Chemist: 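Sharing a structure, written as structure tokens. Questions coming.
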Number of protein chains: 2
Amino acid sequence: MGLLRQFDLLLFFTGRSFCVYLNSAMAEIRENSVGIVKTETIRVVEQDEPLELESGKRLGPIDVAYETYGELNEAGDNAVLICHALSGNAHVAGVSGPEDKKPGWWDVMVGPGKGIDTNKYFVICSNSLGGCSGTTGPSSINPETGKVYGLDFPIITIADMVKVQKLLLDKLGTKKLLGVIGGSIGGMQVLQWAIAYPEFVKSAIAIATTTHLGAQSIAFDAVGRNAILADSNFSDGQYQGAKGPDRGLAIARMIGHITYLSEQGMRAKFGRELRGAESYSYDFNSEFAVETYLDYQGQSFVERFDANSYLYITKASDYFDLHKDYGSLEKAFAKTKSRFLIISFASDWLYTPSQSEDIVNALVASGKDVSFCNIASDYGHDAFLLEPEILGSFISGFLDATHRPGVKRKAEYKIQETKYKMQPHRARVDYELIESLIGPDSTVLDIGCGDGELLANLTADKNIKGRGIELQQELVLACVNRGLSIIQHDVERGLENYADKSFDYVILSQTLQTVKEPKKVFKELLRVGKRVIVSFPNFAHWRCRVQMALFGKAPVTGQLPLSWYDSPNIHFLSLKDFDEFCDKLGVVVEDKIALSKAKLSPVRFAPNLFAEQVIYVTRRD
Amino acid sequence: MGLLRQFDLLLFFTGRSFCVYLNSAMAEIRENSVGIVKTETIRVVEQDEPLELESGKRLGPIDVAYETYGELNEAGDNAVLICHALSGNAHVAGVSGPEDKKPGWWDVMVGPGKGIDTNKYFVICSNSLGGCSGTTGPSSINPETGKVYGLDFPIITIADMVKVQKLLLDKLGTKKLLGVIGGSIGGMQVLQWAIAYPEFVKSAIAIATTTHLGAQSIAFDAVGRNAILADSNFSDGQYQGAKGPDRGLAIARMIGHITYLSEQGMRAKFGRELRGAESYSYDFNSEFAVETYLDYQGQSFVERFDANSYLYITKASDYFDLHKDYGSLEKAFAKTKSRFLIISFASDWLYTPSQSEDIVNALVASGKDVSFCNIASDYGHDAFLLEPEILGSFISGFLDATHRPGVKRKAEYKIQETKYKMQPHRARVDYELIESLIGPDSTVLDIGCGDGELLANLTADKNIKGRGIELQQELVLACVNRGLSIIQHDVERGLENYADKSFDYVILSQTLQTVKEPKKVFKELLRVGKRVIVSFPNFAHWRCRVQMALFGKAPVTGQLPLSWYDSPNIHFLSLKDFDEFCDKLGVVVEDKIALSKAKLSPVRFAPNLFAEQVIYVTRRD
């Protein structure tokens, strides 16, 4: 639970009671901590062989600060790189010494048995180029002048940062990355890694990130930089030894912090609470809790971060634009070879879920192996630091599936019933019959695939290449843990990023009658799949007819068990209705299997009267 | 179309072509402009009789700058007060002279034939207390020191501002306000007016406002103030004659501007467009269009606004909290006597729609006369300046209905078909029968009331007191123009703010079968109304039964004309189903009128077989 971030708050809010919390938390930290770690520094670029940057300028020497945890295995296939965000550094996990009470910035995620398990993986993280925690940046000494670079440091880009990370890995002898993982600006680096070094990266986990900042985010960055540049103590970045642009940097950080939290999160955390008073002070001192929180965040940031680095790294994030660099996102991702896991957070308004969906859509359109979940969280952008449990489950499942490839028929992940909304279940008979209809070695898109059982069986039995779409987070997580490619998506929003006839089969089982616009959905399926397999309950089964015709009541049967006011079914159709529907749309019905109860043997006589459910195999004319 | 705001943009973006735009626009402005106006100043508080402020401090003298347009009529009942927002002033409309190219800040709304029609109304606007455009504020001279007040100016509140406005109106001899209108911080003043002077205010139009800022908005304000206070040129507000805190004020304004626009609006307006270049400049100059836009906004603000006023007015908005002042919103509004029109904008994330709904809910809970619409707009908070057409239609309709009271049976507002989404229409026979069921002088809530025809007829014929709920903006507008109290709301979200049995009748006509959770909705109606009148199509009509039983098809009839895949009906029920449903819920069916086709005479024989639709009158046991 974002222990360390919350410590900041606790320290700030509770004063004396802080120690108690800290001690109990330290005990927890020790148990599954990587322990005492040390940041190393290595020169990756020499002064006489400078690196050519994206801007065309040259930079050298370049030193990189980094930490590693865990051991590279003999096969050399368990290396995981973590890319940090704006204000992070190489110190991801563990503590610097026995007295260090503040573990690394993602200690909740990295350690023995944690989301990124240091018992299994060899984890590397380096301070990014332009940073201020050991890697060469604008506050390093300019060898040409003997003074710090300041504004003479060349503008760097995300691609430059990744290039330097690659130089580090080469120095360390790493031949391949099992995964590269990062959130926010770190997520940009993840995407850049997959694009720049397709052979090197087996999987890419990009969290709460984007392929380009929108106008609003650029605006926030620009105002933050303005606050620094406008500070009379900035002195073109040559403020070392003097009072630096602390006020400007603090204001930039305050703006940042507002954007990292969500409105609902701030409301829940602070509301209009006053600090230490019942009534207003009628002056300009900070009195609302949220004001003192921001003061504290601004102040503590000034103590640990450098204004020059703030300028350069935010500028690098503003410049990141895969669309501009490659012409389109599809082209940007065209040569990637990694599996992708894209994660967004529902309340993140800085790097929005729809920006993550743009990444997913482009990867889907390029036919890449991508999974996606928009995690329900009120923590806003900061959720990537504050939701270690759910995020850790996704990361560990995905990394494991990459490390031990293959789809697992038997689910290893146990669905937490509390997090799972009961839905009309697919009938087992449905599964078995649908499986029998699918040809070997085909490609299959299963819509509303649940925990992925059908896809897993099809993969094991028929060697299909399967993709899933599912709406419920808990089921999406189950699919990721099975090793399936699964996208969280509502089929009612369309499938526009899937190419025509991109699957041999598209399956929609027991769902057509529950969607708002069945015609629109069905037409999309027919476009995307060479064949569409649809199953639904037959509303003209004789029991329904009898209840309706003789008793004048909305039917309630074994197959349609809920009353008219409780039913999730919002469209009622019979075999005859569907036949006419297909006819009208010019759709060929290749096969039609009418079923009675849970029997595999089809109903042959008067199916529209005796079938309780039906499976259609259809295709466009 | 927010001409003047857009001029800023045009000027900024187009350079030379600006003149062309301006000339054509000036022609337009002259036609329906209030013409050349002059800001007057009047002393409302003398130095020796200072005003006691909410903080307990005393302030005097107080001068107020104001403008008026139009004429007070003989009855003295056509005065309209406009309250401006943070950076506004008394100069709402018209120009200061023939050479003045920049009309008042809400010229699009105020003038002959405009939303606030100066041919009909006597319009007053004053610069608010604490401002910097003529009314006493922190940059006025402190009579005790002979220097400007600066930070010695007492903290003022929204209530103080309104008190000073009242003093102005007293001086002007205004006895009553037909309406008080304002957006944003001006909207806070509107609410305060209705509460502080209930006898004085006939109607209150509060636009894009709130009863209290949330943590996020306080945070943005606090950072803005921080930027000013941190500016080394601020000098405790005593910067007159010297270089003032221009950089700090510009940063505050930039932050403000980001919050006034919506993310989608910024994306559409700026995207990632670069100013004057194809490729990045690789330096820290402003290069994205949104950066130069913000620079321009910051700079032009510095030229026309005062940093001290920025501090005091934002603080006043932070302090505004009706809940804190009165214990609850219901208590705050308890003694108000005005009609209320509450308007929010869908993309406003600074003063959100849900904050407006809180106002509406409290007014509903207090049984007040309130109308509400959340206007669809991408302009964010700024929409109150940039959507004059739709906003003007609401304001003019509401003011007119307040000025000429009574509900209009014949609609004067012509519904624009393009803005109106066709819905399953209520059958006329429904209307006539329902009207016959309602007792005279009763109170009626009509849910999904459309353009308000039924309520208008009931008002005219039976002298009922009616309230409407409707989802479609265009229909809400039609109702406002009829003089009805209408709230834009989705009944599926519940009616929790309506007290138990607060209406004699609640009507839900031809809608039950289209809602997702009919049980939940019906139970809410039964709680709120002493009687609930529900009508719906009978799904067990013999034609349906025949189609279903004999042909095995989902029914398509005159009453149910759409195919299974197109139907908005998502629940199917018969008279018998509804009887059983009422029985199960313990609901008494007082009356049941089964109807065949469009005949008023009821079906008496086997209604579940022969009725095409049915009207139930029900109540809780």
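Just so we're clear, the structure is a prediction, and the values are computed from it rather than from any experiment. In what follows, chains carry the letters A, B, and so on, assigned in the order in which the sequence lines appear, proteins first and then strands, with residues in each chain numbered from 1.
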Chemist: Between B:Phe288 and A:Asp221, is the side-chain contact (heavy atoms from CB on, under 4.5 Å) condition met? List the steps.
Modeler: CA-CA 11 Å; B:Phe288 288 100; A:Asp221 278 352; over 6 Å; no
Chemist: Given heavy-atom pairs under 4.5 angstrom as the criterion, report whether the side chain, backbone, both or neither of A:Gln547 touches chain B.
Modeler: neither
Chemist: Among B:Gly248, B:Ala215, B:Gly298, which has the most heavy-atom pairs under 4.5 Å with chain A?
Modeler: B:Ala215
Chemist: Chain A heavy atoms under 4.5 Å from B:Leu151: which part of the residue, side chain, backbone, both or neither?
Modeler: side chain
Chemist: With a 4.5 Å cut-off on heavy-atom pairs, point out which of B:Met266, B:Arg272, B:Lys57 contacts chain A the most.
Modeler: B:Arg272
Chemist: What part of B:Trp542 gets within 4.5 angstrom of chain A, counting heavy atoms only: side chain, backbone, both, or neither?
Modeler: neither
Chemist: How long is the gap from OG on A:Ser563 to CZ on B:Phe581, to the nearest 0.5 Å?
Modeler: 9.0 Å
Chemist: About how many Å separate CD1 of B:Ile218 and CD of A:Glu273, when rounded to the nearest 0.5 Å?
Modeler: 11.0 Å
Chemist: For B:Phe551, which atoms come within 4.5 Å of any heavy atom of chain A: side chain, backbone, both, or neither?
Modeler: both
Chemist: Given heavy-atom pairs under 4.5 angstrom as the criterion, report whether the side chain, backbone, both or neither of A:Phe220 touches chain B.
Modeler: both
Chemist: In terms of heavy-atom pairs under 4.5 Å with chain B, which of A:Phe572, A:Tyr319, A:Tyr282 leads?
Modeler: A:Tyr319
Chemist: Can you tell me which portion of B:Leu53 sits under 4.5 Å from chain A's heavy atoms? Options are side chain, backbone, both or neither.
Modeler: neither
Chemist: Of the non-hydrogen atoms in A:Leu274 and B:Lys324, which two are nearest, and what is the gap between them?
Modeler: CD1-NZ, 4.1 Å
Chemist: Let's test your reading of the structure: which of A:Ile570, A:Asn233, A:Thr352 forms the most heavy-atom pairs below 4.5 Å with chain B?
Modeler: A:Ile570
Chemist: At a 4.5 Å cut-off on heavy atoms, which part of B:Ser232 comes close to chain A: side chain, backbone, both, or neither?
Modeler: side chain
Chemist: Specify which of B:Ser217, B:Gly214, B:Ser279, B:Gly271 makes the most heavy-atom pairs with chain A at under 4.5 Å.
Modeler: B:Gly271
Chemist: Report which part of B:Thr314 has an atom under 4.5 Å of a heavy atom belonging to chain A: side chain, backbone, both, or neither.
Modeler: neither
Chemist: Of all heavy-atom pairs between B:Asn285 and A:Lys315, which one has the smallest distance, and what is that distance?
Modeler: O-NZ, 3.9 Å
Chemist: Check whether B:Thr157 gets within reach of chain A through its side chain, its backbone, both or neither, counting any heavy atom under 4.5 Å.
Modeler: side chain
Chemist: What part of B:Asp318 gets closer than 4.5 Å to chain A, counting heavy atoms only: side chain, backbone, both or neither?
Modeler: both
Chemist: State, with a plain yes or no, whether a side-chain heavy atom of B:Arg225 is found less than 4.5 Å away from one of A:Glu291.
Modeler: yes
Chemist: Decide if the gap between the ring center of A:Phe284 and the ring center of B:Tyr312 is smaller than 6.0 angstrom.
Modeler: yes
Chemist: When you look at NZ of B:Lys523, are more than 12 heavy atoms from neighbouring residues, nucleotides or ligands closer to it than 6.0 Å?
Modeler: no
Chemist: Top residue by heavy-atom pair count (under 4.5 Å) with chain A, among B:Asp283, B:Val546, B:Leu229, B:Leu575?
Modeler: B:Asp283
Chemist: Please check: side-chain N/O of A:Asp577 versus main-chain N/O of B:Lys553, any donor-acceptor pairing under 3.5 Å?
Modeler: no
Chemist: Who among B:Ser262, B:Ala250, B:Ala554, B:Ala540 has the most heavy-atom pairs with chain A under 4.5 Å?
Modeler: B:Ala554
Chemist: Among the options B:Val290, B:Leu573, B:Asp231, B:Asn226, pick out the one with the most heavy-atom pairs lying under 4.5 Å from chain A.
Modeler: B:Leu573
Chemist: Which bit of A:Asn608 comes within less than 4.5 Å of chain B, counting heavy atoms only: side chain, backbone, both or neither?
Modeler: side chain
Chemist: Would you mind checking which part of B:Glu278 comes under 4.5 Å of any heavy atom in chain A, side chain (CB onward), backbone (N, CA, C, O), both or neither?
Modeler: backbone
Chemist: I need the minimum non-hydrogen distance between A:Ser574 and B:Gly552, along with the two atoms involved.
Modeler: OG-O, 2.5 Å
Chemist: Hydrogens and angles aside, do B:Gln513 and A:Tyr565 bring a side-chain donor and acceptor to less than 3.5 Å of each other?
Modeler: no
Chemist: So for A:Leu213, is it side chain, backbone, both, or neither that comes closer than 4.5 Å to the heavy atoms of chain B?
Modeler: both
Chemist: Using a 4.5 angstrom heavy-atom cutoff, name the option from A:Pro154, A:Pro518, A:Ala230, A:Ala222 with the most pairs to chain B.
Modeler: A:Ala230
Chemist: Could you look at A:His323 and say if it's the side chain, the backbone, both or neither that has a heavy atom under 4.5 Å from chain B?
Modeler: neither
Chemist: Between A:Met548 and B:Cys544, does a side-chain contact (heavy atoms from CB on, under 4.5 Å) hold up when you go through it step by step?
Modeler: CA-CA 9 Å; A:Met548 172 81 185; B:Cys544 299; 3.9 Å; yes
Chemist: Measure B:Phe539 against the heavy atoms of chain A and call it side chain, backbone, both or neither at under 4.5 Å.
Modeler: both
Chemist: Pick from B:Val223, B:Ile255, B:Thr259: which one makes a side chain to side chain contact (heavy atoms under 4.5 Å, CB included) with A:Ile258?
Modeler: B:Val223
Chemist: Closest heavy-atom contact between B:Ala227 and A:Ile251?
Modeler: CA-CD1, 3.4 Å
Chemist: Let's test your reading of the structure: which of A:Glu580, A:His541, A:Arg267, A:Glu517 forms the most heavy-atom pairs below 4.5 Å with chain B?
Modeler: A:Glu580
